Amino acid sequence: MPASPFVPGTGPRTLPDVRSDGTHNLDVSLFKEFPFNERARLEFQLAAFNVTNSVQLGIPNAFWNPASLASFGQITYAASQPRQFQFGLRFIY
């Protein structure tokens with residue numbers, strides 16, 4: 001019996017029929033500690049996601065349907081999220 005081509009671990013790394021760009025985000029995290037005494041301190045945290053606010057487009061519509069031919073090959077969504085910030089405080093004792 002020949003080996004099945006769908007055995008886990010034998011598939012290709014990329015599929016030639018399904019192509020899209022990967023995501024490219026610049027994420028940054030900063031923190032600052034403020035000591036209270038020998039044991040206790042307060043930590044302020046700031047995290048920024050997609051700092052450059054780059055738009056990454058989704059893959060084009062690859063489904064051909066005569067009823068909706070106008071949308072074939074068009075990109076209808078953005079694959080990336082807009083710039084986001086996250087703040088946090090942590091009390092360490």
Side-chain angles (χ1 to χ4, degrees):
M1 183 166 142
S4 171
F6 300 108
V7 175
T10 61
R13 190 172 68 98
T14 58
L15 299 173
D17 298 333
V18 181
R19 294 182 184 252
S20 69
D21 292 334
T23 56
H24 307 286
N25 285 340
L26 178 62
D27 300 335
V28 176
S29 177
L30 302 170
F31 68 93
K32 172 72 176 167
E33 291 185 356
F34 300 98
F36 285 123
N37 55 28
E38 296 174 0
R39 297 180 58 199
R41 62 188 188 270
L42 183 69
E43 182 178 276
F44 174 75
Q45 303 170 347
L46 167 68
F49 305 99
N50 195 8
V51 173
T52 58
N53 207 18
S54 302
V55 176
Q56 298 167 31
L57 301 176
I59 58 174
N61 184 5
F63 298 107
W64 185 79
N65 184 356
S68 63
L69 191 58
S71 66
F72 178 75
Q74 292 186 352
I75 298 172
T76 57
Y77 67 97
S80 62
Q81 296 291 322
R83 180 185 301 132
Q84 296 178 354
F85 292 98
Q86 178 178 332
F87 298 96
L89 284 175
R90 182 166 67 167
F91 184 68
I92 304 165
Y93 60 95

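Everything numeric in this text was worked out from a predicted model, so none of it was measured.
A distance of 11.5 Å separates CZ of F49 from CG of L26, quoted to the nearest 0.5 Å. Rounded to the nearest 0.5 angstrom, Q81 CD and S54 OG are separated by 13.5 Å.
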Listed pairs under 3.5 Å, donor-acceptor, residues 27-35 side chains, sequence neighbours left out:
from	atom 1	to	atom 2	distance (Å)
D27	OD1	N50	N	3.0
E33	OE1	R41	NE	3.2

TODO: Go through the steps to decide whether N25 and Q56 satisfy the test side chain to side chain contact (heavy atoms under 4.5 Å, CB included), and finish with yes or no.
DONE: CA-CA 9 Å; N25 285 340; Q56 298 167 31; 3.1 Å; yes
TODO: For side chain to side chain donor-acceptor pair (under 3.5 Å), just list the numbers for E43 and Q45, CA-CA rounded to whole Å, side-chain angles, deciding distance to a tenth of an Å, and then say yes or no.
DONE: CA-CA 6 Å; E43 182 178 276; Q45 303 170 347; 2.6 Å; yes
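Connection of V55 to V51 is not established within any shared hydrophobic cluster, with ILVMFWY side chains joined at heavy-atom distances below 4.5 Å, either directly or through further cluster members. Linking Ile, Leu, Val, Met, Phe, Trp and Tyr residues whenever their side-chain heavy atoms come within less than 4.5 Å places L46 and L89 in a single cluster.
Counting heavy atoms from C-beta outward, P82 and N53 have side chains that approach closer than 4.5 Å.
Heavy-atom neighbours of F91 CZ from other residues, nucleotides or ligands within 6.0 Å: above the threshold of 12.
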